[in-house]
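Step one of this worksheet: look at the structure below.
Given the structure is predicted, the values throughout are model-derived calculations rather than measurements.
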Amino acid sequence: IIFKFARDWKNLYGGHDDLAAKAADKELLALQIVAGERQEGLSVPLTCLIDFLGFRLVASAVIARLSKDSLVSGSSDCGRTIRSEECAPSETRDAIRKFAKKLNLRPHYVSSSTSGEMYLVSLAADVEIHRFGQNRNVLLDAARLLPPTTPIRKFDQLIKQFRPELMLNLRNIAKEKGLPSSLSSDAYSGFSTTRDAAQLNRDVDAVTKYLCEDVVSKVRHDLISQRKFWKSKLLPEFLHRRGLNLRYLGLLRASIKPST
């Protein structure tokens with residue numbers, strides 16, 4: 001087992017260790033999504049989080065023969081070098097794209113921070129896919145697997161994301177509401193190329209607006225009609241099943257009349 005402290009030792013979050021801890025939580029959620037969808041050809045390492053005395057540890061099973069040579073898609077050095085899924089073996093490429101389609105993640109171009117060369121990816125640019133043997137592909141560093149909601153503060157795009165329940169249902173929502181049917185995990189990131197970054201960001205804005213207005217309204221209606229879920233232990237799952245993040249609890253509460 002390899003243990004990693006969830007600390008911002010690379011200064012990705014401006015030195016804020018609390019944001020690094022949140023990113024670790026996002027990574028565990030992403031690995032749970034991959035495992036839960038049971039996409040043939042994609043697997044994840046056994047992983048858990050350990051919280052103790054204000055510190056967070058990520059404990060993961062060691063993967064034998066893991067190296068830069070095993071990387072077939074994504075980036076392991078913050079975007080300095082990127083491997084496109086187009087160059088991956090066909091079985092690996094198909095597994096990535098089928099999984100991305102399930103989550104309604106949009107294929108998009110990203111650019112290397114050193115060469116400026118563009119690469120096509122379906123997942124976030126820094127989500128790594130390593131291949132071992134005959135079609136054994138392991139997904140790693142998946143903290144940014146899900147697309148971000150519209151950022152308000154600095155670093156929001158790294159840790160505030162759409163719920164997987166909403167992403168899995170986005171195609172159906174899009175047909176009903178006229179919204180984008182897929183989103184890019186690299187929206188509002190430095191990986192997006194200038195040629196499509198603006199459109200990727202606008203699509204995220206549109207779905208974020210739908211989340212803050214339509215989803216909050218629907219959840220409010222459901223919550224009023226099912227008061228048993230007002231209990232604190234039941235409320236998180238109630239919101240998550242409807243695609244609403246807990247961070248919108250204040251917005252939800254403000255929409256409920258005091259007399260209710």
Side-chain angles (χ1 to χ4, degrees), residues 4 6 12-13 19-49 58 60 63 71-79 82-85 88 92-110 119-131 137-151 155-171 180-192 200-201 203-204 207-208 211 240 243 245 247:
K4 296 185 293 184
L12 297 176
Y13 308 96
L19 299 186
K22 288 182 180 180
D25 185 62
K26 296 299 181 185
E27 177 159 7
L28 181 62
L29 175 61
L31 297 181
Q32 290 172 333
I33 295 168
V34 178
E37 288 302 311
R38 297 182 180 181
Q39 174 60 53
E40 183 179 357
L42 277 184
S43 60
V44 296
L46 186 63
T47 303
C48 72
L49 298 183
V58 182
S60 299
I63 301 175
L71 180 68
V72 293
S73 180
S75 175
S76 60
D77 55 11
C78 299
I82 302 174
R83 297 195 179 181
S84 172
E85 64 194 46
T92 302
R93 183 172 62 250
D94 291 345
I96 295 171
R97 291 179 175 176
K98 286 179 181 178
F99 175 70
K101 188 174 182 179
K102 285 182 182 179
L103 267 181
N104 295 308
L105 300 178
R106 183 181 306 173
H108 57 282
Y109 283 94
V110 295
Y119 302 88
L120 181 66
V121 294
S122 295
L123 310 179
D126 53 355
V127 171
E128 302 174 25
I129 305 292
H130 292 260
R131 182 180 172 92
N137 306 294
V138 180
L139 186 147
L140 300 174
D141 290 347
R144 293 196 318 109
L145 176 69
L146 294 170
T149 53
T150 302
F155 306 119
D156 276 0
Q157 73 277 12
L158 301 177
I159 56 171
K160 293 186 176 180
Q161 304 169 348
F162 290 102
R163 286 292 307 176
E165 295 85 353
L166 186 142
M167 289 304 303
L168 286 166
N169 195 38
L170 184 58
R171 196 170 298 275
S181 59
S182 62
L183 297 175
S184 166
S185 299
D186 283 316
Y188 281 106
S189 81
F191 290 109
S192 295
L200 299 181
N201 296 348
D203 290 345
V204 160
V207 180
T208 300
L211 177 64
H240 288 167
N245 310 73
R247 66 177 176 272

How would you list all residue pairs meeting salt bridge (Lys or Arg N to Asp or Glu O under 4.0 Å) that involve residues 121-130, not counting sequence neighbours?
-> D126-R144
Determine the minimum heavy-atom distance between K102 and L168, stating which atoms define it.
-> O-CD2, 3.4 Å
Without placing hydrogens or testing angles, list every side-chain donor-acceptor pair under 3.5 Å for residues 41-49, not counting sequence neighbours.
| from | atom 1 | to | atom 2 | distance (Å) |
| --- | --- | --- | --- | --- |
| S43 | OG | N137 | O | 3.2 |
| T47 | OG1 | P45 | O | 3.0 |
| T47 | OG1 | S60 | OG | 3.3 |

Side chains of Q161 and K26: donor-acceptor distance under 3.5 Å anywhere?
-> no
Take L145 and M167 through the side chain to side chain contact (heavy atoms under 4.5 Å, CB included) test and state the conclusion after the steps.
-> CA-CA 11 Å; L145 176 69; M167 289 304 303; over 6 Å; no
Is the closest side-chain heavy-atom distance between S73 and I96 below 4.5 Å?
-> yes
Spacing of S122 atom OG and R106 atom CZ [to the nearest 0.5 Å] = 12.0 Å
Any idea which heavy atoms bring G243 and L211 closest together, and the distance?
-> O-CD1, 3.4 Å
Can you tell me how far CG of L146 sits from CG of L29, rounded to the nearest 0.5 angstrom?
-> 6.0 Å
Close side-chain approach of L120 to S84, heavy-atom, < 4.5 Å = yes
Is there side-chain contact between L103 and E37, with at least one heavy-atom pair below 4.5 Å?
-> no
L105 side chain near P147 side chain, heavy-atom distance below 4.5 Å | yes
Report, as yes or no, whether the 6.0 Å neighbourhood of atom CD on E165 holds more than 12 heavy atoms from other residues, nucleotides or ligands.
-> yes
Qualifying residue for side chain to side chain contact (heavy atoms under 4.5 Å, CB included) with I129, from L123, V138, L140, L71 | L123
Hey, are the side chains of P164 and Q32 touching, using non-hydrogen atoms and a 4.5 Å cut-off?
-> no
Between N201 and Y188, is there a donor-acceptor pair closer than 3.5 Å when you use the side chain of the first and the backbone of the second?
-> yes
Just how far is it from atom CZ of F162 to atom OG1 of T208, taken to the nearest 0.5 Å?
-> 3.5 Å
Minimum-distance pair of heavy atoms, taken over all atoms of R83 and V121 = O-CG1, 4.5 Å
Quick check: does any side chain N or O of S184 sit under 3.5 Å from a backbone N or O of L200, one acting as donor and the other as acceptor?
-> no
Could you grab the distance from atom OH of Y119 to atom OG of S75, nearest 0.5 Å is fine?
-> 9.5 Å
Which heavy atom in Q39 sits nearest to a heavy atom in F99, and how many Å separate them?
-> OE1-N, 3.7 Å
Is it true that a side-chain atom of R93 and a backbone atom of A88 form a donor plus acceptor pair closer than 3.5 Å?
-> yes
Hey, does L170 have a side-chain heavy atom less than 4.5 Å from the side chain of V207?
-> yes
Has R38 got more than 12 heavy atoms of other residues, nucleotides or ligands less than 6.0 Å from its CZ?
-> no
Shortest non-hydrogen separation from A142 to E27 and the atoms involved | N-OE2, 3.7 Å
What heavy-atom pair brings L12 and F155 nearest, and what distance separates the two atoms?
-> O-CE2, 3.5 Å
Going from OG on S189 to CG on L158, what distance comes out if it is rounded to the nearest 0.5 angstrom?
-> 8.5 Å
Within-4.5 Å side-chain heavy-atom neighbours: I63 and H130 = no
When rounded to the nearest 0.5 Å, the distance separating CZ of R163 from OG1 of T149 is 12.5 Å
